[in-house]
K.L.:
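Dropping a structure here in structure tokens format, bear with me for questions.
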Amino acid sequence: MPLTLTNTLTRRQQPFIPNTPGQVTMYCCGVTVYDDCHLGHARSYLGWDVLRRYLRWRGYAVRYVQNFTDIDDKILNRARAEGTTMAMVSERYIQRYFEDMRRLNVLDADDYPWVTEHIGAIHELIGQLETKGYAYAAGGDVYYRVGQFADYGQLSGRSQSTLQAGASGRDLAATAKADPADFALWKGAKPDEPAWESPWGPGRPGWHIECSAMIRARLGATIDIHGGGGDLVFPHHENEIAQSQAASDKPLANYWLHNGMVTVNGEKMSKSLGNFTTIRDLLDGGWAEYPQPVDPMAVRLFVLQGHYRKPLDFTQAAIAASINGWQTLKAGLLFGDRHGAKLGWPAVAIQSSPQEPSQANPWVERFQTAMDDDLNTPGALAVLFELAKGLQREGNCLVHAGQTQASPDVLWPQWQTLVHLAQALGLEVTPEVDGDARAMGLDDGAMAADRSLTIAELIQQRQVARQQRDFATADDIRDRLAAMGIVVVDQPDGKVRWHRQQINDSEPNYCP
RNA sequence: GGCGACAUAGCCAAGUGGUAAGGCAGAGGUCUGCAAAACCUCCACCCCCGGUUCGAAUCCGGGUGUCGCCUCCA
């Protein structure tokens, strides 16, 4: 069974066949760097990250390019407001983009072209369009003649006759366009604006031309996959196609993929509506509806529990559910680290990257079937949850009863498969999280010894209280121990077992 | 007005003609002084109306509703 993807261009789900066998070229529209990224951006780039990881997992060599739009009115406005330059503003937010995305475990692209690096390539492309009759200069600007491109509207399903000019009240009189549907390739400089020299006079590129130029410069005339938010289908991607294909007479991209919007209370999350939550606010506890730091992996899980093409509703309840769900997956992923030694697994094997599971592995088969179906991550996650649930249960058995139900030989491939498949989705336990877990325990040797004495004494006292049936005191001591991160388990045989919460090397301890 | 999506339990969500995965939350029970863990049990007339079929959440037609785009937008 091949991987199939829903292609906006054909409006169908079709088998994915790259231009060059085994290799994939992929371009996704990046951010305009004038502010911090919000959850809508996270959803989009998380989605492309998973696509890219899955293509790799499927054995493809992927070349992934994502641009930064660093020339734009909004950047300019911000620069003016701050009394600085466009370059200063965009460089700051490019930096912050990387910080946010890396926390979400989004892999870096292979290449990040900037518009300011491609002014020459843009001139060249506009020049070709002009020569071929698709572009005309007017009033210092250069426009694309939409009527000249017969296939205009192929992506968005619009025909030129149905395009309603000025549908939203644009001021059409203020432009030198020959036709309202035409769009700017080059915008003549206004006073006090940054401008670049060009054959048509000083100015700056129109919005759409950058992607056409950068794709051609970095990946060639035809790429395999072009991705972006669903809100970019029209006019941005439609115009990219018009520009690129008019110039090259070749398809710009064979597969057009679009992700659904993030909504809040059923309404699109966007800058203009002001209903956005930034990634760093959410991760750092700055979201009013859930004012605690949210594990980045819980956010990733939240995003992957929906299908990438469908709208994703951002609510407090949904985030809370994902936080809980991540606890389960994490328990499964950490199973080997927490319990492997007790099960006799060699430390070297635990620490090395997971082995590729065998072909006949039914979990892998189900995972692949789901992912091959237009990246059905919710279905794929069901497989991970089944594995993680089982391992979590076994881990609890081990901690509370001293032994697992299944044999370690059976658990080993389950754990390896879980880690392997989770990695393909970018769900990984980060060292940072490990650090948190350790900090909750009692790590320092001297302190631990000292406190262990106290713990032993407390448990001793509690046992005495229990024997005297003074349960109020017994429960009080349980609470005190819990506050120290100590979980006390009374066993059926009368023994008391205790362990530290969330610590990797917690050997069970006994008190008589 | 035009174009395009989507509609499955309290919430998220799978399902692609053979009798409703999974997650989160919830209820009851066994065990326990309490707790923990484990185990067992319960929780969907698949938006509506027609049609095709032995059989439809799944296919077709018609409604209804929600969302996105047509203006910067992931």
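Residue numbering restarts at 1 for every chain, and letters A, B, ... go by the order of the sequence lines.
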K.L.:
Whole angstrom is fine here: how far is it from CD in A/Q368 over to P in B/rA14?
P.N.:
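In whole Å, B/rA14 P lies 19 Å from A/Q368 CD.
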K.L.:
Is a side-chain donor-acceptor pair under 3.5 Å present for A/N239 with A/Y152?
P.N.:
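The criterion, which ignores hydrogens and geometry beyond distance, is satisfied for A/N239 and A/Y152.
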K.L.:
I want to check one thing: is the phosphate of B/rC24, taken as OP1 and OP2, less than 4.0 Å away from some side-chain N or O of A/T328?
P.N.:
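So the side chain of A/T328 is within the cut-off, an N or O lying under 4.0 Å from OP1 or OP2 of B/rC24.
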K.L.:
Would you mind reading off the distance between A/Y308 atom OH and B/rA13 atom C1', rounded to a whole angstrom?
P.N.:
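Interatomic distance, OH of A/Y308 to C1' of B/rA13: 17 Å.
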K.L.:
Of all the choices, B/rG23, B/rA21, B/rA74, which nucleotide is nearest to the side chain of A/V31 once you look at every atom?
P.N.:
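Per side-chain heavy atoms of A/V31, the pick is B/rA74.
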K.L.:
Rounded to the Å, how far apart are A/L273 CG and B/rC67 P?
P.N.:
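From A/L273 CG to B/rC67 P: 12 Å.
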K.L.:
Rounding to an integer number of angstrom, what distance separates B/rU30 and B/rU16 when you compare their P atoms?
P.N.:
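Per the computed distance, 40 Å lies between those P atoms.
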K.L.:
A/D373 has a side chain; which of B/rC72, B/rA21, B/rU16 sits nearest to it?
P.N.:
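My answer, after comparing the listed nucleotides, is B/rU16.
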K.L.:
Compare the minimum distances between each of B/rC69, B/rG23, B/rA21 and the side chain of A/F385, then state the nucleotide with the smallest one.
P.N.:
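In terms of side-chain proximity for A/F385, the closest of B/rC69, B/rG23, B/rA21 is B/rG23.
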K.L.:
Does a side chain donor of either A/Y34 or A/N77 reach within less than 3.5 Å of an acceptor in the other side chain?
P.N.:
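No pair is found: no donor N or O on one side chain lies under 3.5 Å from an acceptor on the other.
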K.L.:
Could you verify whether a donor N or O on one side chain and an acceptor N or O on the other, from A/N67 and A/T69, lie under 3.5 Å apart?
P.N.:
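A donor-acceptor contact under 3.5 Å links the two side chains.
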K.L.:
Looking only at the side chain of A/H307 (C-beta and beyond, no hydrogens), which of the listed nucleotides B/rG23, B/rA14, B/rG68 gets closest?
P.N.:
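Of the options given, the side chain of A/H307 lies nearest B/rA14.
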K.L.:
With nearest nucleotide decided by heavy atoms, which residue, A/H400 or A/V233, maps closer to the 5′ end of RNA chain B?
P.N.:
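The 5'-side residue here is A/H400.
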K.L.:
Can you give me the closest heavy-atom contact between A/L283 and A/P296, atom names plus distance?
P.N.:
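For A/L283 versus A/P296, the nearest heavy atoms are CD2-CA, 3.6 Å.
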K.L.:
Contact class for A/H258 (heavy atom, under 4.0 Å): base, sugar-phosphate, or nothing?
P.N.:
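Nothing, no nucleic acid heavy atom in range.
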K.L.:
Who does B/rC45 pair with, Watson-Crick or G-U, both distances under 3.5 Å?
P.N.:
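Result: none.
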K.L.:
Rounded to whole angstrom, note down the P distance from B/rA14 over to B/rC70.
P.N.:
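Approximately 26 Å lies between the P atom of B/rA14 and that of B/rC70.
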K.L.:
Would you call A/D100 and A/R280 a salt bridge, using N to O less than 4.0 angstrom?
P.N.:
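A salt bridge is present here (some side-chain N lies under 4.0 Å from a carboxylate O).
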K.L.:
Between A/N376 and B/rG15, is there a side-chain N or O to OP1/OP2 distance below 4.0 Å?
P.N.:
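Looking at the OP1 and OP2 atoms of B/rG15, one of them is under 4.0 Å from a side-chain N or O of A/N376.
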K.L.:
Could you tell me whether A/R300 and A/E428 have a side-chain N and a carboxylate O separated by less than 4.0 Å?
P.N.:
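No, no charged N to carboxylate O under 4.0 Å.
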K.L.:
To the nearest Å, give me how far apart CH2 (A/W498) and C1' (B/rA35) are.
P.N.:
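So the two atoms are 18 Å apart, to the nearest Å.
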K.L.:
For A/D313 and B/rU66, give me the distance from atom CG to atom P, rounded to whole Å.
P.N.:
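After rounding, the gap between these two atoms is 15 Å.
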K.L.:
In terms of side-chain geometry, is the basic nitrogen of A/K177 or A/D182 positioned less than 4.0 Å from the acidic oxygen of its partner?
P.N.:
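Looking at A/D182 together with A/K177, the answer is no, because their closest N to O distance does not fall below 4.0 Å.
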K.L.:
Quick one: which of B/rC72, B/rA74, B/rA37 gets closest to the side chain of A/K74?
P.N.:
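Side chain of A/K74 sits closest to B/rC72.
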K.L.:
A/L312 or A/V488: which one's nearest nucleotide on RNA chain B is closer to the 5' end?
P.N.:
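Closest to the 5' end, via its nearest nucleotide, is A/L312.
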K.L.:
Looking at B/rA36, I'd like to know if its phosphate oxygens (OP1 or OP2) sit under 4.0 Å from a side-chain N or O belonging to A/N396.
P.N.:
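For B/rA36, neither OP1 nor OP2 has a side-chain N or O of A/N396 closer than 4.0 Å.
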K.L.:
Can you build the contact string for nucleotides 26-34 of chain B? Use B for base contact, S for sugar-phosphate-only contact, and - for no protein heavy atom under 4.0 Å.
P.N.:
-------BB
K.L.:
Are A/F68 and A/F98 close enough that their ring centers fall under 6.0 Å?
P.N.:
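Yes, they do, as the ring centres are separated by less than 6.0 Å.
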K.L.:
Which nucleotide in the list B/rA38, B/rA74, B/rC72 gets nearest to the side chain of A/H38?
P.N.:
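Within the option list, the nearest is B/rA74.
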K.L.:
Please tell me if A/K271 has a side-chain N or O lying less than 4.0 Å from either OP1 or OP2 of B/rA74.
P.N.:
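Indeed not, no polar side-chain atom of A/K271 lies that close.
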K.L.:
Side chains of A/Y97 and A/Q66: donor-acceptor distance under 3.5 Å anywhere?
P.N.:
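A pair is found: one side chain offers a donor N or O, the other an acceptor, under 3.5 Å apart.
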K.L.:
Whole angstrom is fine here: how far is it from CG in A/D36 over to P in B/rA74?
P.N.:
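Taking atom P of B/rA74 as the reference, CG of A/D36 is at 13 Å.
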K.L.:
Could you measure between the two C1' atoms, the one in B/rA9 and the one in B/rG2, and give it in whole Å?
P.N.:
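Here B/rA9 and B/rG2 have their C1' atoms 37 Å from each other.
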K.L.:
Sort me out a list of protein N/O and nucleotides 4-8 of chain B N/O pairs below 3.5 Å, or just none if empty.
P.N.:
| from | atom 1 | to | atom 2 | distance (Å) |
| --- | --- | --- | --- | --- |
| B/rA7 | OP1 | A/K310 | NZ | 3.4 |

K.L.:
Could you tell me whether A/F183 and A/Y143 have their ring centroids closer than 6.0 angstrom?
P.N.:
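Ring centroids of A/F183 and A/Y143 are no less than 6.0 Å from each other.
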K.L.:
Find out whether A/V496 and A/R466 are in side-chain contact, i.e. whether some heavy atom of one side chain is under 4.5 Å from a heavy atom of the other.
P.N.:
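A side-chain contact under 4.5 Å exists here.
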K.L.:
From C-beta outward on A/A382, which listed nucleotide comes closest to its side chain: B/rG22, B/rG68, B/rA14?
P.N.:
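Of B/rG22, B/rG68, B/rA14, B/rG22 is nearest to the side chain of A/A382.
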